[in-house]
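The structure under discussion appears below in the form of structure tokens.
When a residue number appears, it is its place in the shown sequence, counting from 1. Values below: every heavy atom of this structure, side chains too, minus hydrogens, waters and symmetry copies.
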Amino acid sequence: MKTYSTTSPSLSFEMSEAVMHGQAPDGGLFMPISIPQLSADQIQSFRRSSFNEIAFQISKEFFSPELPEKDLRQLIDQAYNFDAPIKTVAENLHFLELFHGPTLAFKDFGARFMAQVMSYYLRQTNKKLNILVATSGDTGGAVASAFHQLPNINVVILYPSGKVSKIQELQLTTWGDNIKALEIEGTFDDCQKFVKSAFLDLEFKNSHQLTSANSINISRLIPQSFYYFYTWSRLEQKKNCFIVPSGNLGNISAGVIAKKMGLPIDQLIIASNANRVVPDYFETGIFQPQPSIATISNAMDVGNPSNLIRLKNIFSDNLATLKESISAVSFNDQETAEAIKKVYQEFHYLICPHTAVGYLAAQQIDPKIQKVVLATAHPNKFADVLENILGFKLPSVTQLEQLTKRPAKAQFVPNDYQKIKSQIIAVL
């Protein structure tokens with residue numbers, strides 16, 4: 001399938017070009033030339049299919065025939081050897097546990113698929129690639145894990161100093177080999193701004209074969225639609241609502257793509273923390289980026305979400321039409337902490353701060369509607385926060401305990417484009 005740039009729709013690119021470039025040369029984001037439509041019978045057949053089979057059926061609509069189906073099946077099986085279980089805690093209230101991958105966060109679904117696709121395309125060309133990724137917490141760890149020791153690929157992770165959890169920082173800084181971490185003086189928005197600027201710096205981008213692994217890369221966006229189809233296939237056929245804790249809006253964009261492909265999603269909700277630029281946009285019709293505010297749901301601390309342009313593009317920049325499919329709400333840290341306590345007291349179920357924001361949004365929905373809250377990260381990734389709120393120590397998780405035994409390495413860099421650029425060149 002061909003793709004186009006959201007900035008210049010007349011520009012056309014093969015899917016492989018979109019994957020390997022990350023961002024269009026004009027600064028736009030890549031979108032499929034058309035969103036493929038699945039028949040009702042095909043979607044119903046997913047009720048008898050495994051997660052990997054559903055992933056294959058959806059991805060081939062975007063990547064075949066450029067990526068042969070036999071190879072596509074293989075890379076999906078290499079990417080996904082973990083589940084996405086649904087935890088039902090009450091009638092019509094479900095948590096979709098997206099944290100059973102290697103880094104215990106939903107970003108594993110996109111990062112591992114993207115790593116396999118990029119690696120496949122590189123094997124066809126025998127080229128090398130340098131990946132820049134900005135992270136507010138979970139993206140960098142998922143990308144590091146997915147790309148670790150893959151041949152002909154280097155990864156440089158930019159993360160905001162002092163604004164990720166201890167566990168998240170270990171997941172960014174303890175890999176070594178082809179994974180480098182830069183601790184940036186500033187916020188996630190500063191890290192993201194640098195990555196965008198680097199791609200517009202064509203001399204720098206081209207001379208160092210730079211691409212992106214953030215959700216601006218379409219090969220990270222498409223696989224996030226897989227679990228919407230999978231979840232729907234395991235639930236009752238009645239009115240439903242998917243609630244999506246949101247920062248950079250990649251996850252909700254994937255849900256919209258799934259709906260556009262024919263998945264019967266009745267309602268999608270963007271659940272934001274105190275960084276409420278998106279809910280404000282929904283209320284006023286004016287999008288005004290803001291410096292991000294530090295919260296306990298730090299992976300959602302985004303003041304200028306990249307994927308809003310994709311949502312606007314899908315809905316032809318018509319806010320009224322957008323709001324027919326999506327609503328947006330926000331909650332502060334105090335409300336989030338109370339939600340963590342309430343869910344544990346009522347259901348004896350632990351949720352991370354991001355999932356708690358989603359739960360709060362679900363509480364505003366008609367109890368007769370089937371609600372799915374995307375549980376985006378394992379609660380132990382935010383053990384310090386939860387232990388402070390709940391007053392007891394969380395059970396240890398071997399996967400995370402092992403991180404503390406590995407040496408961490410990161411280079412601190414001031415918030416200056418030229419200094420960050422120089423440091424990237426130094427570590428490549």
If you apply the rule side-chain contact (heavy atoms from CB on, under 4.5 Å), what do you find for Leu72 with Ser59, and how did you get there?
CA-CA 8 Å; Leu72 185 57; Ser59 57; 3.5 Å; yes

Is a donor from one side chain sitting under 3.5 angstrom from an acceptor on the other, for Ser297 and Thr295?
yes

Sub-3.5 Å donor-acceptor pair from the side chain of Glu169 to the main-chain atoms of Lys166, do we have one?
no

Side chain proximity check, Phe95 to Thr355, heavy atoms < 4.5 angstrom:
yes

From the list Asp266, Ile269, Val373, Ile265, side chain to side chain contact (heavy atoms under 4.5 Å, CB included) partner of Phe242 resolves to Ile265

After noting the C-alpha distance and the side-chain angles of Leu158 and Ile420, does the key distance pass the side-chain contact (heavy atoms from CB on, under 4.5 Å) rule?
CA-CA 9 Å; Leu158 280 64; Ile420 297 172; 4.1 Å; yes

Side chains of Thr88 and His94: donor-acceptor distance under 3.5 Å anywhere?
yes

Do Ile340 and Leu386 come close enough that some side-chain heavy atom pair is under 4.5 Å?
yes

Please check if any side-chain donor atom of Glu53 sits under 3.5 Å from a side-chain acceptor atom of Gln57, or the reverse.
yes

Would you say the side chains of Ser50 and Asn52 form a donor-acceptor pair under 3.5 Å?
no

Taking the six-membered ring where the residue is Trp, are the ring centres of Phe199 and His21 under 6.0 Å apart?
no

For a quick check under 3.5 Å, do Arg310 and Asn307 share a side-chain donor-acceptor pair by atom type?
yes

Are Ser246 and Asn251 close enough that some pair of their side-chain heavy atoms sits under 4.5 Å apart?
no

Which atom of Val357 lies closest to which atom of Asn273, heavy atoms considered
CG1-N, 4.3 Å

Ring centroid separation Phe109 to Tyr227 under 6.0 Å:
yes

Does any non-hydrogen side-chain atom of Asn92 lie less than 4.5 Å from one of Ile369?
no

From OG (Ser165) to CD (Gln171), nearest 0.5 Å:
7.5 Å

Just checking, is any N or O donor in the side chain of Asn304 or Gln290 under 3.5 Å from an acceptor N or O on the other one?
no

Between Tyr417 and Phe204, does the ring centre distance come in under 6.0 Å?
no

Does the gap between the ring centers of Tyr230 and Phe46 come in under 6.0 Å?
no

May I ask you to check whether Phe30 and Phe13 place their ring centers less than 6.0 Å from one another?
yes

Backbone of Ile76 reached by a side-chain donor or acceptor of Arg112 within 3.5 Å
no

Whether Asp416 side chain and Lys419 backbone form a donor-acceptor pair below 3.5 Å
yes

Can you tell me how far the OG1 atom of Thr103 sits from the CG atom of Asp108, to the nearest 0.5 Å?
3.0 Å

Quick one: closest heavy-atom pair of Lys107 and Ala142, and the distance?
CB-CB, 3.5 Å

Does Lys323 come within less than 4.0 Å of Glu283, counting only side-chain N to carboxylate O?
no

May I ask you to decide if Gly303's main-chain N or O and Asp189's side chain share a donor-acceptor pair within less than 3.5 Å?
yes

Side-chain donor or acceptor of Gln192 paired with backbone N/O of Val302 under 3.5 Å:
no

Side-chain H-bond candidate by donor/acceptor type, Thr187 with Asp190, under 3.5 Å:
yes

Is a side-chain N or O of Asn240 found less than 3.5 angstrom from the main chain of Gln370, in a donor-acceptor match?
no

Could you go step by step and tell me if Arg276 and Asp280 meet the salt bridge (Lys or Arg N to Asp or Glu O under 4.0 Å) rule?
CA-CA 6 Å; Arg276 47 171 297 119; Asp280 286 346; 2.7 Å; yes

Decide if the gap between the ring center of Tyr349 and the ring center of Tyr344 is smaller than 6.0 angstrom.
no

When the ring planes of Phe113 and Tyr80 are compared, do they come out parallel, tilted or perpendicular, using 30° and 60° as the limits?
parallel

Taking atom types as modelled and ignoring hydrogens, do the side chains of Asp26 and Ser8 form a donor-acceptor contact shorter than 3.5 angstrom?
yes

Indicate the atoms forming the closest heavy-atom contact of Gly28 with Gln23, along with that distance.
O-CG, 3.2 Å

